[in-house]
Amino acid sequence: MELNNLLIRKGYIKIKLKKINTNHFEIKATLNGVKGRFILDTGASNSCVDINLAEKFKLDVKDSETKAAGAGAIGIETKISSKNILGLKGWKYNNCHIVLLDLTHVNTALTEHKSEAVDGIIGADILEKGKAIIDYNKQSLHLKRLVYKY
């Protein structure tokens with residue numbers, strides 16, 4: 001049995017990924033109903049959005065004491081937004097926490113490699129929540145549907 005069919009039977013959603021010039025995978029997502037372009041980064045502990053896009057994505061932003069590091073930058077000021085709705089194709093997470101920070105360093109690296117700038121990063125927090133399986137050969141991400149109890 002093919003991996004995709006097995007995962008669908010186990011309650012997973014298949015999300016197509018697009019490889020960009022930096023060898024990252026680009027993924028389209030909605031955040032609070034607003035469409036955006038993100039990169040998938042298994043090394044990023046938290047999913048994040050560029051701080052300048054808080055209004056675009058309807059984020060309720062609060063101050064954070066945490067400093068971020070990554071992609072050659074350290075000590076970056078961050079803010080946090082809770083209780084957001086993140087959608088990736090047919091997969092939805094209703095209580096998503098988003099870290100906001102200046103992603104200029106990330107987007108500069110992307111544009112220097114002739115890739116388009118992104119709105120944010122889908123990180124390990126989302127991948128863990130969705131029990132992610134990445135199929136590098138077929139360029140797809142599989143996330144297990146979340147079941148909400150009301």
Side-chain angles (χ1 to χ4, degrees), residues 1-62 64 66 68-73 76 78-101 103 105-107 109-111 113-150:
M1 178 178 281
E2 186 181 312
L3 176 64
N4 182 54
N5 293 336
L6 176 66
L7 292 174
I8 288 171
R9 284 180 41 193
K10 296 282 186 182
Y12 279 78
I13 302 287
K14 179 181 178 184
I15 301 161
K16 194 75 183 141
L17 301 171
K18 175 186 168 191
K19 192 177 261 193
I20 59 175
N21 294 338
T22 58
N23 276 337
H24 286 96
F25 283 123
E26 177 186 289
I27 188 166
K28 301 224 187 297
T30 59
L31 184 56
N32 298 324
V34 180
K35 292 180 184 177
R37 293 181 60 250
F38 295 78
I39 55 173
L40 187 65
D41 188 348
T42 61
S45 56
N46 294 292
S47 295
C48 55
V49 166
D50 188 286
I51 199 158
N52 299 309
L53 301 176
E55 192 173 309
K56 172 185 174 178
F57 288 109
K58 306 172 191 171
L59 300 173
D60 182 20
V61 179
K62 303 218 176 354
S64 171
T66 306
I76 303 168
T78 66
K79 298 209 181 270
I80 189 94
S81 178
S82 301
K83 298 181 182 169
N84 298 290
I85 300 171
L86 177 70
L88 299 164
K89 197 176 174 186
W91 188 85
K92 189 162 80 168
Y93 181 23
N94 289 333
N95 192 20
C96 183
H97 300 281
I98 297 290
V99 174
L100 291 100
L101 65 147
L103 290 179
H105 62 290
V106 171
N107 282 320
L110 289 172
T111 55
H113 286 88
K114 302 197 178 3
S115 293
E116 291 182 53
V118 294
D119 299 317
I121 297 167
I122 302 296
D125 56 340
I126 297 303
L127 299 175
E128 183 177 4
K129 186 74 179 173
K131 298 178 171 50
I133 297 171
I134 301 171
D135 185 336
Y136 286 91
N137 187 44
K138 298 229 170 133
Q139 297 188 6
S140 59
L141 168 67
H142 300 267
L143 295 174
K144 187 155 178 89
R145 286 186 197 270
L146 298 177
V147 178
Y148 293 99
K149 296 174 184 165
Y150 296 98

Between side-chain atoms of residues 51-58 and protein atoms elsewhere (two or more places apart, or another chain), which donor-acceptor pairs fall under 3.5 Å?
unit_1	atom_1	unit_2	atom_2	d
Asn52	ND2	Asp50	OD1	3.0

#### Entry: Which residues share a side chain to side chain donor-acceptor pair (under 3.5 Å) with His113, sequence neighbours left out
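His113 satisfies side chain to side chain donor-acceptor pair (under 3.5 Å) with no residue once adjacent residues are dropped.
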### Query
For Asp125, which residues count as a side chain to side chain donor-acceptor pair (under 3.5 Å) partner, sequence neighbours excluded?
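Listed in chain order: Ser47.
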### Query
Looking only at atom types and distance, does a side-chain atom of Asp119 sit under 3.5 Å from a main-chain N or O of Arg37, one as donor and one as acceptor?
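Yes; judged by distance alone, with no hydrogens or angles, the pair exists.
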### Query
Within the side chain of Tyr93, is there an N or O that forms a donor-acceptor pair under 3.5 Å with the backbone of Leu146?
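It does not hold such a pair.
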### Task
Can you tell me which residue pairs pass the side chain to side chain donor-acceptor pair (under 3.5 Å) test with a partner in residues 13-22, sequence neighbours excluded?
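Matches after skipping sequence neighbours: Thr22-His24.
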### Task
Could you tell me which residues satisfy side chain to side chain contact (heavy atoms under 4.5 Å, CB included) with Asn84, sequence neighbours excluded, listed by chain and number?
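Partners of Asn84 under the side chain to side chain contact (heavy atoms under 4.5 Å, CB included) test: Leu31, Asn32, Leu59, Ser81, Cys96, Ile98.
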### Message
Under the rule for side chain to side chain contact (heavy atoms under 4.5 Å, CB included), what residues qualify as partners of Lys35, not counting sequence neighbours?
### Response
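Partners of Lys35 under the side chain to side chain contact (heavy atoms under 4.5 Å, CB included) test: Thr30.
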Which residues share a salt bridge (charged side-chain N to carboxylate O under 4.0 Å, His left out) with [X], sequence neighbours left out:
X: Lys28; result: Glu26
X: Arg145; result: none
X: Asp135; result: none
X: Lys62; result: Asp60

[atom1]-[atom2] distance between [X] and [Y], expressed to the nearest 0.5 angstrom:
X: Leu7; Y: Arg9; atom1: CG; atom2: CZ; value: 11.0 Å
X: Asn4; Y: His142; atom1: CG; atom2: NE2; value: 5.0 Å
X: Ser45; Y: Leu127; atom1: OG; atom2: CG; value: 11.5 Å
X: Ile15; Y: Leu88; atom1: CD1; atom2: CG; value: 4.5 Å

#### Entry: Residue pairs involving residues 26-46 (criterion ring-ring contact (aromatic ring centres under 6.0 Å, His included); sequence neighbours excluded)
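Found none.
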### Task
Search all heavy atoms of Glu116 against all heavy atoms of Leu110 and return the closest pair with its distance.
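What the structure gives for the nearest pair is O-CD1, 3.8 Å.
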### Message
Restricting to non-hydrogen atoms, name the atom on Ala29 and the atom on Leu86 that form the minimum distance, rounded to 0.1 Å.
### Response
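Where Ala29 meets Leu86 most closely, the heavy atoms are CB-CD1, 4.1 Å.
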Is the shortest side-chain heavy-atom distance between [X] and [Y] below 4.5 Å?
X: Lys129; Y: Leu143; value: no
X: Leu141; Y: Ile122; value: no
X: Thr78; Y: Ile80; value: no

### Query
Can you name the residues that form a ring pair (Phe, Tyr, Trp, His ring centres under 6.0 Å) with Phe25, not counting sequence neighbours?
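With sequence neighbours excluded, Phe25 shows a ring pair (Phe, Tyr, Trp, His ring centres under 6.0 Å) to Tyr136, given in chain and number order.
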